[in-house]
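First comes the structure, then the notes that go with it.
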Amino acid sequence: MEDPFDLLAGWVHETFLIPLLYATGLMKWEDLAQGWALFAIYGALQVALTLALCMPLERWRPVEHWPDTKAVAVDIFYTVLSRVGVLPLVTFVLFYKVQTSLNGWIVDHGWIPPTLEHIFPILFGHPIPSFILYAIVLDCADYWRHRLSHQFRWWWALHSLHHAQRQMTFWSDDRNHIVDDLIAFVWFGAIALAIGVPPLQFPLLVLVLRFIESLSHANTRVWFGAIGERLIVSPRFHRAHHGVLAAGQRSCNYGSVLPIWDIVFRTADFSRDYVQTGDPSGEEALATGTWLEQQRAGLRRMLRA
Amino acid sequence: MTPWFRLRVLPFLLATALTPHAWADGVAFVLNSKSASVSIVDMTARREVRRIPALREPHHIVLSPDGKSLLIGDTAGNQIMFADPVTGAVQRRAPVSDPYHLAFSPNGKYLVVNGLARNQVDVYDAATLAMIKRFHVDSTPSHLDFSPDSKTAFVTLQDTDKLAAFDLTAMTPKWVEPIGPTPAGVIWLNGKILVANMGSDHVAVADPATGKILDRIVTGKGAHTLFLAPDKKILWVNNRAAGTTVSLDAQTLKIIRVYNIPGGPDDIDFAPDGTLWITRRFAEKVAVLDPGTGAFETVQVGRSPHGIWLNPKAPAP
């Protein structure tokens, strides 16, 4: 079965990227550009899908109404930058270069980097269960990255940019300090080294997971019921994490996709109902500044921490 | 039973029944580099019938010297998958660092593996897969070929615009010479080394003893891979940026014909009926080109199909 998004990425690559690379003498980046095109097309699809599903939800049952939504516009910029713009390109190139170099260094020392399929050979030939297991492991790793980002003062100073938003919407998922993103990249790279990561093999499933993360930030009174709340992170569950009382080093509900980690590690709080979001301890620029002002404010806060 | 049937039809039926693969339809193996799989294609029906899962990113494929195994290099998976060349059944998976392009020396003694992302050229004992030598190169070794006497391996170094030669007798580097922008495919032809320079529109012709460029043959933008037809009369070149496949007279290197094959034409294998099976990297398809008419049929496969290998003697899958 054809993958229309892969074909679209191929068309973009062949029609625009290759002529550009050829004309500028950069054909050595041709293979990576193909991967980035696919990444960017799926990123654009993620944004479109999230917009199509989350916007009606936010209009149907909003938690808050705001007369001025200027602060949301910056979050839209973060999203586009993160999912279809420069960041995927940088991440893609960096990730590729760092991973292959480290993998090679490890191999040179007589050790082949493992994969989950090596650890559990039964997974060979069963891509969907493999992906689900990868997603579970990565979600657990992300829980701990997120939880630690609240523990260390300097890290929280960076991460507080994400929490500063008082007008939290589905656009807020990618609102991060660039250094915080870099740390996440290193974290993710370390996990990739430990177990291997096959995300581009499963772009549609990645798309679903990213959608859940965006939805969890939506300004909407949506929850998944007593059982559903414990299976998938809902807007209600994650909003408690963004609450003004939860901002800082003693927070709750750190999970991105699966609440199970919060339940197991005793940080789950299912009692809070659609709380007010934001971080009162941060300077105003973190909440309402431009992208650049927010980045500078985050850096200042980290240096003071 | 009529005499005509006894004399004409019966011997044919007996002969075909007793000949191995007499009614063979052929199987094509196509490596889907971004779907982590190998498509098994019925060559007669020209349709994919099933997929073999790879681990991460299979790129190139080669038949073992004894003909018993296909070796499929899985770069990001750091392994070579061995598969039955008739059925596609996976025989085993061997851990190998970053196997991108791989080939056996003509004498069947060595398996040379280029680690494109790892800047390494590894020489293995073909029989045991024990590593004999690792050459660290600068940088991104892409494709490789050998001298007919198996004494030298030639490797394109994509990011440094160079061609390297390695002495497989002494296991030492011989020379590294500039060859052109972003070199990819390389082939030994009539005592010369030909290199497709993807960052340009030409194939460089070099002296295998020194690596010095002797000539440049313009084939089209993004010259990428080179394949010699089984009868050794025609050299085929795929041009990545131009989206063309070009036939050249193997003796004179004059262009015979240019075929439009959109979708990033990459690897080629040749079917006994004269058709060329060409992977189209950006189109999730294989083009089956009739060089006589210039028309091509398409076979749907997975994402970013790269390596291809045909077994026309295999029974229909």
Side-chain angles (χ1 to χ4, degrees), chain A residues 1-15 17-32 34-35 37-38 96-97 99-101 103-108 110-118 121 123-127 130 192 196-198 200-203, chain B residues 32-37 48 51-57 59 75-79 90 93 95-98 115-120 134 136 139-140 142 158-161 181-184 197-201 221-222 224 240-243 262-264 280-285 300 302-304:
Chain A
M1 196 176 72
E2 288 185 348
D3 175 347
F5 304 107
D6 179 55
L7 291 178
L8 179 59
W11 179 80
V12 168
H13 184 57
E14 188 176 19
T15 310
L17 298 181
I18 286 189
L20 182 69
L21 293 171
Y22 187 83
T24 52
L26 296 171
M27 281 296 278
K28 63 183 68 171
W29 297 100
E30 190 267 329
D31 199 40
L32 277 178
Q34 188 192 359
L38 184 63
Y96 176 79
K97 289 288 179 192
Q99 192 193 22
T100 50
S101 296
N103 266 348
W105 183 83
I106 289 167
V107 169
D108 279 348
W111 189 66
I112 292 285
T115 62
L116 283 186
E117 290 92 334
H118 283 118
L123 292 174
F124 269 117
H126 300 94
S130 295
V197 175
L200 278 180
Q201 289 174 29
F202 310 99
Chain B
N32 304 309
S33 62
K34 292 207 165 28
S35 294
S37 62
E48 181 185 33
R51 288 187 188 180
I52 309 168
L55 183 53
R56 291 286 181 274
E57 200 175 317
H59 279 282
T75 54
N78 286 307
Q79 65 172 222
V90 177
R93 299 170 193 266
V96 169
S97 170
D98 187 25
L116 179 89
R118 283 283 303 122
N119 301 333
Q120 66 198 18
R134 166 164 292 169
H136 290 281
S139 67
T140 52
S142 180
Q158 193 172 290
D159 285 4
T160 43
D161 303 341
T182 323
N197 288 316
M198 193 166 58
S200 77
D201 61 357
K221 288 181 180 177
H224 184 65
R240 175 64 61 81
R280 298 166 61 201
R281 293 291 292 275
F282 320 134
E284 299 184 356
K285 289 178 183 66
Q300 178 69 38
R303 286 201 297 269
S304 196

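Each chain gets a letter, A, B and so on, in the order the sequences are listed, and its residues count up from 1. No hydrogens, no waters, no symmetry mates; every other heavy atom, side chains included, goes into these values.
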Select one option (side chain, backbone, both, neither) describing which atoms of [X] are under 4.5 Å from chain A's heavy atoms.
| X | value |
| --- | --- |
| Arg280(B) | neither |
| Glu284(B) | both |
| Asp201(B) | both |

Top of Pro19(A), Gly25(A), Gly10(A), Ala37(A) for chain B proximity - count of heavy-atom pairs under 4.5 angstrom: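 So the answer, after comparing Pro19(A), Gly25(A), Gly10(A), Ala37(A), is Gly10(A).
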Is it true that [X] and [Y] have a side-chain N and a carboxylate O under 4.0 angstrom from each other?
| X | Y | result |
| --- | --- | --- |
| Lys285(B) | Glu2(A) | yes |
| Arg281(B) | Asp31(A) | yes |
| Arg56(B) | Glu117(A) | yes |

Report the distance from atom OG1 of Thr75(B) to atom CD of Glu57(B), rounding to the nearest 0.5 Å.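 It comes to 4.0 Å.
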Among the options [options], pick out the one with the most heavy-atom pairs lying under 4.5 Å from chain A.
| options | answer |
| --- | --- |
| Gly263(B), Gly264(B), Ala242(B), Ala283(B) | Gly263(B) |
| Ala184(B), Gly115(B), Ser304(B) | Ser304(B) |
| Gln158(B), Gln79(B), Gln300(B) | Gln300(B) |
| Glu48(B), Arg51(B), Lys221(B) | Lys221(B) |
| Ser142(B), Gly77(B), Ser200(B) | Ser200(B) |

For Phe5(A) versus Leu38(A), what's the shortest heavy-atom pair and its separation?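 Heavy atoms only, the tightest pair is O-CD1, 4.3 Å.
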Over all heavy atoms of both residues, which pair between Ala36(B) and Leu55(B) is shortest? Give the atoms and the distance, please.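 That closest heavy-atom pairing would be CB-O, 4.0 Å.
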Could you walk me through whether Lys34(B) and Asp6(A) pass the salt bridge (charged side-chain N to carboxylate O under 4.0 Å, His left out) check? CA-CA 10 Å; Lys34(B) 292 207 165 28; Asp6(A) 179 55; over 6 Å; no
Could you look at His118(A) and say if it's the side chain, the backbone, both or neither that has a heavy atom under 4.5 Å from chain B?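 Only the side chain of His118(A) comes within 4.5 Å of chain B.
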